[in-house]
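Okay, structure first, notes after.
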There are 2 protein chains.
Amino acid sequence: MGDEKRGGAQAEKRGGARAEKSRTRREQILDAAFNTFARRGYRDTAMDEIAAAAETSKGGVYFHFATKEAIFRELMRSTADRLAAKVDRAVAAETDPIAKADAALRTVFATFAGHRTMARLLFLDALGAGRAFNDETNALHERFARMIAGYLDEAVAEGAIPPLDTRLTGVAWFGALNEVVARWLMAGEPARLEETYPPLRALLLRSAGVPEARIAATGPAR
Amino acid sequence: MGDEKRGGAQAEKRGGARAEKSRTRREQILDAAFNTFARRGYRDTAMDEIAAAAETSKGGVYFHFATKEAIFRELMRSTADRLAAKVDRAVAAETDPIAKADAALRTVFATFAGHRTMARLLFLDALGAGRAFNDETNALHERFARMIAGYLDEAVAEGAIPPLDTRLTGVAWFGALNEVVARWLMAGEPARLEETYPPLRALLLRSAGVPEARIAATGPAR
DNA sequence: CGAAACAAACCGACTGGTCGGTCGGATGCC
DNA sequence: GGCATCCGACCGACCAGTCGGTTTGTTTCG
């Protein structure tokens with residue numbers, strides 16, 4: 001590890017102008033790649049496109065970066081770094097734990113709202129695939145989020161939980177579930193998926209305002 | 001819409017044996033595609049692979065399905081249908097809203113735990129891209145989930161929230177956030193992302209056991 | 001100071017490989 | 001004979017990465 005860039009690296013020994021221009025080009029390419037990846041996704045972005053957007057040639061791009069993946073990696077890392085630093089700064093300014101949580105969430109929201117492109121790059125995993133795939137995936141998420149929202153509506157109607165934004169809650173629940181399952185699939189984090197069921201159940205119910213007493217009563221299940 | 005399959009469609013008018021064999025082949029292909037997609041992802045699955053896995057040829061596959069995408073679509077839909085039906089059945093068996101929620105969650109968990117392949121197909125959007133992309137994405141999720149867990153640990157240490165599985169909560173929070181942002185990006189659902197901040201904030205804090213009084217106090221922010 | 005020598009930076013045609021989809025025919029059930 | 005079914009060689013498009021060659025800024029030396 002540590003062999004990121006190529007020739008341009010140690011060129012700054014002398015001749016500042018040259019090195020500076022090189023660094024500028026590098027940034028130019030990174031910038032172009034950022035926008036192109038965010039707009040069209042990783043797979044659908046061709047190196048020629050990046051080159052064109054950076055107003056250089058494919059050869060020029062390959063002079064500064066070894067592979068397409070290397071560009072993506074660097075972009076991911078630096079973008080995530082920037083966001084994490086921003087959040088850390090915001091959190092450090094607060095002392096109360098809940099205020100900290102607030103600050104973190106608010107920072108993330110504000111940053112994404114201001115930099116849509118950043119959000120696309122960091123969060124839209126699915127953009128890695130093509131359009132078709134994406135549409136199907138979207139429909140699926142939509143469907144299950146709505147399904148959950150429907151159940152929540154019933155619960156609200158029956159007075160089991162206080163009124164709340166069921167649409168949003170459906171989306172959030174689905175997202176949480178999705179992430180937990182994905183983690184299990186990719187990292188094998190809990191060896192048995194069912195292990196996370198009780199704590200996740202409690203978490204979700206609590207988030208909808210179900211009284212603690214009610215949550216504890218798991219019943220005879222399992 | 002409605003031009004899914006090709007010749008095989010209306011073949012069942014007469015001659016049962018022939019039609020049956022055709023239907024069998026269709027299933028065979030679907031089955032092979034299911035496994036291959038789940039294992040290697042959409043993009044990395046070649047039609048030749050599907051054909052080989054189904055013990056037929058590419059031409060054979062193309063006789064039954066118009067495009068690769070059509071196969072994927074049908075697979076997604078039918079799999080989601082099956083899962084949704086299962087959940088619906090489980091929910092219908094309960095009357096109490098919270099028990100319903102329980103049943104739904106438990107059904108999903110049990111189904112995935114039993115059919116890892118199904119989970120892969122339905123939930124691993126990122127699998128649509130290649131390995132490289134995926135690794136990077138994974139690291140990112142891991143990183144932010146841990147970051148959240150870290151903050152939660154502090155909050156627990158200070159007694160601001162009751163002890164809980166901070167690791168899982170971090171993952172769930174990240175998933176919820178991710179999904180909300182993704183929804184905004186893809187569907188443009190809330191025109192302004194910030195609109196969802198207050199309700200999401202309340203949802204997340206509540207899920208961690210922050211007392212209702214504390215949640216209501218939004219402070220002078222915004 | 002200017003010209004030759006050098007190397008960093010850049011260019012774009014080309015290669016090798018992949019893969020979705022096509023098509024002309026073969027095969028067997030009715 | 002005729003139609004559904006199936007086969008697999010082939011086509012065309014796409015694209016990451018390479019490479020020989022050109023340009024351009026810098027250094028060296030007469």
Side-chain angles (χ1 to χ4, degrees), chain A residues 5-30 32-33 36-37 40-73 128-133, chain B residues 3 5-29 32-33 36-37 40-73 128-133:
Chain A
K5 33 205 167 178
R6 293 231 273 233
Q10 66 278 41
E12 45 186 308
K13 45 187 172 186
R14 295 300 309 279
R18 179 102 133 244
E20 160 125 15
K21 204 188 155 211
S22 180
R23 240 174 289 123
T24 304
R25 249 293 194 281
R26 222 186 118 82
E27 293 306 312
Q28 241 179 65
I29 294 168
L30 240 19
T36 316
F37 280 146
R40 322 225 313 133
Y42 181 75
R43 293 291 274 251
D44 286 346
T45 294
M47 290 303 266
D48 283 313
E49 282 181 274
I50 295 178
E55 287 175 312
T56 180
S57 67
K58 188 142 81 161
V61 173
Y62 272 100
F63 176 78
H64 288 281
F65 299 91
T67 64
K68 183 183 182 182
E69 197 186 316
I71 302 182
F72 184 70
R73 251 184 232 292
R131 264 264 147 264
F133 183 89
Chain B
D3 51 347
K5 33 209 164 173
R6 293 232 271 235
Q10 64 278 39
E12 43 186 308
K13 46 188 171 183
R14 297 297 308 277
R18 179 102 132 244
E20 161 123 16
K21 203 185 157 213
S22 179
R23 240 175 288 123
T24 303
R25 249 293 193 282
R26 222 185 119 83
E27 294 305 313
Q28 240 178 66
I29 295 168
T36 315
F37 280 145
R40 322 225 316 132
Y42 180 75
R43 293 290 273 251
D44 285 347
T45 294
M47 290 303 268
D48 283 314
E49 282 181 273
I50 296 178
E55 289 177 310
T56 179
S57 67
K58 190 143 83 159
V61 173
Y62 272 100
F63 176 78
H64 288 281
F65 299 92
T67 64
K68 183 184 183 182
E69 196 186 317
I71 301 182
F72 183 70
R73 250 184 233 292
R131 262 266 146 260
F133 182 90

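Chain naming here is simple, since letters A, B, ... match the order of the sequence lines and numbering starts at 1 in each. All values below come from the heavy atoms of this structure, side chains included, with hydrogens, waters and symmetry mates left out.
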**Request:** May I have the distance from Arg23(A) (atom CZ) to dA8(C) (atom C1'), rounded to whole angstrom?
**Result:** 14 Å
**Prompt:** OP1 or OP2 of dG8(D) less than 4.0 angstrom from a side-chain nitrogen or oxygen of Ser57(B), does that happen here?
**Reply:** no
**Gap between atoms NE2 and P, on His64(B) and dG21(C) respectively (whole Å)** = 17 Å
**Asked** Are Ile71(B) and Met47(B) close enough that some pair of their side-chain heavy atoms sits under 4.5 Å apart?
**Response** yes
**Asked** CZ of Phe63(A) versus P of dC19(D): gap in Å, rounded?
**Response** 16 Å
**Item:** Euclidean distance, atom CD of residue Glu55(B) to atom P of dG8(D) [Å, nearest integer]
**Value:** 13 Å
**Item:** salt bridge (Lys or Arg N to Asp or Glu O under 4.0 Å) partners of Lys68(B), counting only residues at least two apart
**Value:** none
**Request:** For the residue pair Phe72(A) and Thr45(A), establish whether any side-chain heavy-atom pair is separated by less than 4.5 Å.
**Result:** no
**Complete:** Sorted by chain and number, sequence neighbours left out, side chain to side chain contact (heavy atoms under 4.5 Å, CB included) with Ser57(A) holds for none
Using atom names, set out every protein N or O paired with an N or O of nucleotides 11-17 of chain D below 3.5 Å, distance rounded to 0.1 Å.
{"residue": "dA16(D)", "atom": "OP1", "partner": "Thr45(A)", "partner atom": "O", "Å": "3.2"}
{"residue": "dA16(D)", "atom": "OP1", "partner": "Lys68(A)", "partner atom": "NZ", "Å": "2.9"}
{"residue": "dA16(D)", "atom": "OP2", "partner": "Met47(A)", "partner atom": "N", "Å": "2.9"}
{"residue": "dA16(D)", "atom": "N7", "partner": "Lys58(A)", "partner atom": "NZ", "Å": "3.0"}
{"residue": "dG17(D)", "atom": "OP2", "partner": "Tyr62(A)", "partner atom": "OH", "Å": "3.0"}
{"residue": "dG17(D)", "atom": "OP2", "partner": "Lys68(A)", "partner atom": "N", "Å": "3.0"}
{"residue": "dG17(D)", "atom": "N7", "partner": "Lys58(A)", "partner atom": "NZ", "Å": "3.0"}
{"residue": "dG17(D)", "atom": "O6", "partner": "Lys58(A)", "partner atom": "NZ", "Å": "2.7"}

**Presence of Arg25(A) side-chain N/O under 4.0 Å of dA9(C) phosphate oxygens OP1/OP2** = no
**Message:** Is any side-chain heavy atom of Thr56(B) closer than 4.5 Å to one of Arg25(B)?
**Reply:** yes
**Asked** Taking C-beta and beyond as the side chain, do Thr67(B) and Arg73(B) meet within less than 4.5 Å on heavy atoms?
**Response** no
**Prompt:** Rounded to whole angstroms, how far apart are CZ on Phe65(B) and P on dT5(D)?
**Reply:** 13 Å
